[in-house]
Amino acid sequence: MEYQFSEIEAKWQKAWEEQGTYKVTEDPSLPKFYVLDMFPYPSGAGLHVGHPLGYIASDIYARFKRLKGYNVLHPMGYDAFGLPAEQYAIQTGQHPSETTRKNAARYREQLDKIGFSFDWSREVRTCDPAYYRWTQWAFIQMFHSWYNKETDRAEPVAQLVALFEKQGNREVPAAHSCPVVFTAKEWKAMDEPQRMKILLDYRLAYLADTMVNWCPGLGTVLANDEVKDGVSVRGGHVVLQKQMKQWSLRISAYAQRLLDGLDQVEWTESLKDIQRHWIGRSEGAEVFFPVRGLKESMLIYTTRADTMFGVTFMVLAPESEWVQKVTSPEQKAAVQEYLEQVSHRNERERQAETRTMTGVFTGGYALNPFSGKEVPIWVSDYVLAGYGTGAIMAVPAHDSRDYVFAKTFGLPIVPLIEGCDVSTESLDAKEGIMMNSGFLNGKTVKEAIPIAIREVEARGIGRRKVNYRLRDAIFSRQRYWGEPFPVYYREGIPYTVEEKDLPVVLPEVDVYLPTEAGDPPLGRAKDWTYKGYPMELSTMPGFAGSSAYYFHYMDPGNPHRLVSEDAVRYWKSVDLYVGGTEHATGHLIYSRFWCKFLYDIGVVPEDEPFRKLINQGMIQGRSNFVYRVRGTNQFVSLHLKDQYDTTELHVDISLVQNDVLDIERFRAWSPDYADAEFILEDGKYVCGWAVEKMSKSMYNVVNPDEVVSRYGADTLRMYEMFLGPVEQSKPWDTSGIEGVHRFLKKFWNLFRDRSGAWCVEDVAPTEKELKILHRTMARIENNIEQFSMNTAVSSFMICVNELQELRCCKRQILEPLLVTLAPFAPHITEELWHRLGHTASIHQATFPVADVKYLVENEFAYPVSFNGKTRFTLTLGLDLDRDAVEQAVLTDANTLKYLDGKPVRKVVVVPGRIVNIVF
RNA sequence: GCCCCGGUGGUGGAACCGGUAGACACGCGGGACUUAAAAUCCCGUGGCCAGUGAUGGUCGUGCGGGUUCAAGUCCCGCCCGGGGUACCA
């Protein structure tokens, strides 16, 4: 019987589903292993062949771990809230939940055909109220928590209130944004709205006026990771800076823990670097500069306290409250005009103007506390309001931005490093010997920095300070298709909905657009109130639902908890997470933060969610081109095109095989080409090709369904792995798939004789056959553990080629081999397993253990080289020691020939590796 | 600009700790089977040079240096491609 993959695959997919083969429950008698894929957003376009790459790799790993005796949790679900469904709803009026449901069904259909071992009974969808109640619940917990910097964890706000009642807020070690200082007495004298306003500045989920990325094109606010190069990542719309009242998560309180935690996880260094950079820890000092005519001193942040003597001016961010305080009457009009000008600029313009500095003098002066000199205070948008204190001391000689500013406005530049030349550019490097710097003269920069900070502290004009670039996460979106906030307003003050009333279900609206008044779409909902009070109109961002979904998989559908104690104590955290690197500064940071918070409040036992992370590469498209002679309907073959003036056009890759165009089908492809003419080479039309993004517009999309129906899921799975390392990006080229398909046919044929009849025999295998088997088993196990799936596939090919040559069809060889192959090709192996007489699934078998006695060789073909050049090989026993090998080689006839009578200077022998003769 | 990661045949890619570069596969060329095609099987396949020939020589892992008996692998300096980040004081 031929290898009939379609029937085999359909049969076993059905059987696995019916028998619940991949259903998993907590089993304390077995070690656990949690393999997770980043869940997909179900888009309308469906899956292309690049999407399942990571899923296949993780599925192989999950199946392997099961065969090794682990209880494996391997779930899947959908990141189902998101902009595309909502934009589609705006255009068509179709409810986003409807589109999402359809798209998810399509995804499921496609995924099922590939034969994954997901436990679908644990499916989580972020848009399902039964799930998002836990997103809302977590928000409520954050609302009622504050960050205690002393205990370094989140604690209940009730405890904070107790502290306020006892001692006011001055000494409370909290991460906060509260501008006022009060005593216990003052706190007690406040009324409820006043207290609630204060507490908002301490909560981990808080409402505040903040500078946000406002995207008019999408009608919503965006988080920093959703903006790139001044435009929105989704849709590419212009983004403006705007002051708005928004919900935020105080993730900045966790900056140090997020940084430290990176040392505990097995992620690639480059991904950790991206996160480290995003967190952006810097060590420096905050220093007060007295201001002429004011009692109050201005606070600045610097990492270069050593350069204090070189400060020749100060710069304020346009948004700084100090601008109004220091501006002189004469400069008021100019400053106003500048602020006006700056406010109209969007992020892109602000960034594009790196070269031309803008700014204005405020008319105010600050006093350099070290040199005693007065320096002018300027305003410029090169200083950011959100970092440090929104004010800087400018040292043009040693900071390139200050340098450009000084040159632009003719401000003095005082060099502080001996022998440096600042006539054309600043010297930013932290090296050299200090000069012009009073008590720091003669010191190196590295010595001077701590000395200067110590001096600042000794004089009581500032203190050592660590800053982070990481900002609090803006958590409101002025959109419809997201989790509603469990928040209502009483007298303008936000309160959370009682937990017993969760979930707060997303209400229906007539259209998915903002209201006339400019409120978000939820402003259109009828009776959008709680206990008679108005509800919050924003919804949560995309990352809300994806920050803890991996916990709910452990205990899906639990109506009482995100995850039960028993379940989370068993599954703990994700052992292996597979997904794209594009989530480095979004999902992967937010999830870590969310997990640490849940850890702080005692809901989960570990504070890092993803122990090991593998980033799968992208599968790129391989496009084909035809060359049309300009102004004609004539097409010229690739290698002749240089003789003509041509236009390169994408051609659908389904019309091309091995870069040769199917002319008839090309003519039928579009009416424009119906009467096309062709200039051929060797009777063929050869197409050009290029590696590009896989996309419809390039006509290079390959759909997994098509591959499955032509070659089967087992072939698709193995070919995706065979393409190359999982982590690497590489182009998809369907022509290569034949080799993998051929391999599976050969493998199938090992079980049959020449006539096609079943021929597996119970005969003792030979030493040689056992060696082939055990070597393969050992390699595969090693390859899977290293996540080197491509070399695993090669190892199988080599094994099958060798067994085929030996015409081996012995049960004792084929049976263990089947189990070894099962993670890669689950269907064909299941079929053959049952034909061998088994009744239970092969996926519940045990992975065979390689016996070392079959792995050791007793002979080795030594490559013998002369002065590093390999000339011949000499097979010798591996039991020979260094001297014996040397003797054997030196007396060999071949050696004498290559030496040609010259004296040997040195012989290098590495037993079991190489012999090198130097002469 | 700064920080990562890459660069190996016509193509995708192998090569453990420095030890026979190009495994495995595609493609291509040749052959067998066939009326023919598909499928299958066998042989060859990095470049150049020499030889009728089994073969021999030589160059070769982006470029230029270096360390070493030996370098795709380690070190220094560049070039190119991809990703991250960017007035973060």
Side-chain angles (χ1 to χ4, degrees), chain A residues 2 228-229 268-278 280-282 284 300-304 307 315 317 350-351 353-355 357 380-384 386-395 398-402 404-405 428 467-471 581-582 584-585 615 617-618 620 622 658-659 689 691 719 722-725 727-740 742-743 745-746 749 782 786 788 790-801 804 861-873 905-910 912-919:
Chain A
E2 292 292 314
K228 222 190 130 182
D229 299 329
T268 60
E269 272 311 303
S270 70
L271 189 66
K272 290 189 195 180
D273 278 343
I274 293 172
Q275 289 211 345
R276 287 191 187 109
H277 191 189
W278 189 258
R281 179 189 159 102
S282 80
I300 60 95
Y301 175 73
T302 181
T303 54
R304 293 294 301 274
T307 61
V315 188
R350 205 167 154 160
Q351 285 178 14
E353 282 178 280
T354 6
R355 295 293 151 231
M357 282 284 189
S380 172
D381 67 353
Y382 88 87
V383 174
L384 303 178
Y387 185 78
T389 62
I392 62 150
M393 60 176 215
V395 185
H398 303 291
D399 181 287
S400 45
R401 296 153 303 184
D402 298 345
V404 176
F405 194 83
D428 291 20
N467 254 327
Y468 301 90
R469 207 183 71 113
L470 183 72
R471 307 296 164 76
T581 179
E582 67 271 20
T585 54
N615 293 117
M618 268 199 336
Q620 296 145 314
R622 188 182 187 277
N658 293 333
D659 293 334
W689 62 274
V691 172
Y719 184 55
F722 188 61
L723 276 178
E727 305 87 344
Q728 202 169 297
S729 288
K730 58 249 162 182
W732 175 275
D733 183 0
T734 303
S735 54
I737 203 169
E738 297 283 353
V740 172
R742 222 168 272 158
F743 156 76
K745 280 197 267 187
K746 277 193 223 173
N749 286 334
N782 187 41
Q786 306 291 315
S788 176
N790 55 327
T791 53
V793 178
S794 310
S795 301
F796 280 123
M797 288 174 169
I798 293 167
C799 173
V800 166
N801 287 346
Q804 190 187 41
Y862 278 93
V864 180
S865 25
F866 293 81
N867 291 338
K869 284 179 189 165
T870 308
R871 294 301 180 181
F872 63 93
T873 60
R905 294 228 316 263
K906 187 176 176 185
V907 179
V908 181
V909 176
V910 183
R913 284 235 174 264
I914 199 173
V915 176
N916 189 17
I917 297 168
V918 188
F919 65 88

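Naming convention: chains lettered A, B, ... in sequence-line order (proteins, then strands); numbering from 1 in each chain.
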* Kindly assign one of parallel, tilted or perpendicular to the pair A:Phe743 and A:Phe796, based on the angle between their ring planes and the thresholds 30° and 60°. => tilted
* Would you classify A:Ser865 as touching base, sugar-phosphate or nothing, given that sugar-phosphate means primed atoms plus P, OP1 and OP2, and contacts are heavy atoms under 4.0 Å? => nothing
* **Phosphate OP1/OP2 of B:rC5 contacted by A:Thr268 side-chain N/O (<4.0 Å)** => no
Taking only nitrogen or oxygen atoms into account, show me every contact under 3.5 Å that the protein makes with nucleotides 38-41 of chain B, one pair per line with its distance.
unit_1, atom_1, unit_2, atom_2, d
B:rU40, OP1, A:Lys745, NZ, 3.4

Anything under 3.5 Å between a donor and an acceptor, one on a side chain of residues 861-868 of chain A, the other on a protein residue two or more places apart or in another chain? List them.
unit_1, atom_1, unit_2, atom_2, d
A:Tyr862, OH, A:Gly912, N, 2.7
A:Ser865, OG, A:Val915, O, 3.2
A:Asn867, OD1, A:Phe919, N, 3.1

* Side-chain N,O (A:Tyr468) to OP1/OP2 (B:rC88) below 4.0 Å -> no
* Ring geometry between A:Tyr387 and A:Tyr301 (parallel below 30°, tilted from 30 to 60°, perpendicular above 60°) -> perpendicular
* Asked: Partners of A:Lys730 by side-chain contact (heavy atoms from CB on, under 4.5 Å), sequence neighbours excluded?
  -> A:Leu53, A:Leu723
* Can B:rG9 be described as syn, meaning its chi torsion is within 90° of 0, or is it anti? -> syn
* How is A:Asn801 classified with respect to the nucleic acid when contacts are heavy atoms under 4.0 Å: base, sugar-phosphate, or nothing? -> sugar-phosphate
Taking only N/O atoms, report every protein-nucleotides 11-17 of chain B pair under 3.5 Å with atom names and distance.
unit_1, atom_1, unit_2, atom_2, d
B:rG12, O2', A:Leu723, O, 2.5
B:rG13, OP1, A:Gln728, NE2, 3.1
B:rG13, O3', A:Asn790, ND2, 3.3
B:rA14, OP1, A:Asn790, ND2, 2.7
B:rC16, N3, A:Arg913, NH2, 2.8
B:rC16, N4, A:Arg913, NH1, 2.3
B:rC16, N4, A:Arg913, NH2, 3.0

* To do: Determine, for A:Asp659 against A:Arg622, whether the closest basic-nitrogen to carboxylate-oxygen distance falls under 4.0 angstrom.
  => yes
* Under 4.0 angstrom, heavy atoms only, what part of the nucleic acid is A:Ser270 near: base, sugar-phosphate, or nothing? -> sugar-phosphate
* Considering residues at least two apart in sequence or located in another chain, which fulfil the side-chain contact (heavy atoms from CB on, under 4.5 Å) criterion with A:Asn615? -> A:Thr268, A:Leu271, A:Thr581, A:Leu613
* What is the nucleic acid contact for A:Ala394, judged by heavy atoms within less than 4.0 Å: base, sugar-phosphate only, or nothing? -> nothing
* Dot-bracket for RNA chain B, please, read 5' to 3', with Watson-Crick or G-U wobble pairs under 3.5 Å on both distances, ( ) within the strand, [ ] crossing, | other strand, . unpaired. => (((((((..(((......[....)))((((((.......))))))(((((....)))))..(((((..]....))))))))))))....
* Asked: Under 4.0 Å: is that the gap between some side-chain N or O of A:Arg469 and OP1 or OP2 of B:rA86?
  -> yes
* Check every strand shown and say whether A:Val910 touches a base, only sugar-phosphate, or nothing at a heavy-atom separation below 4.0 Å. => base
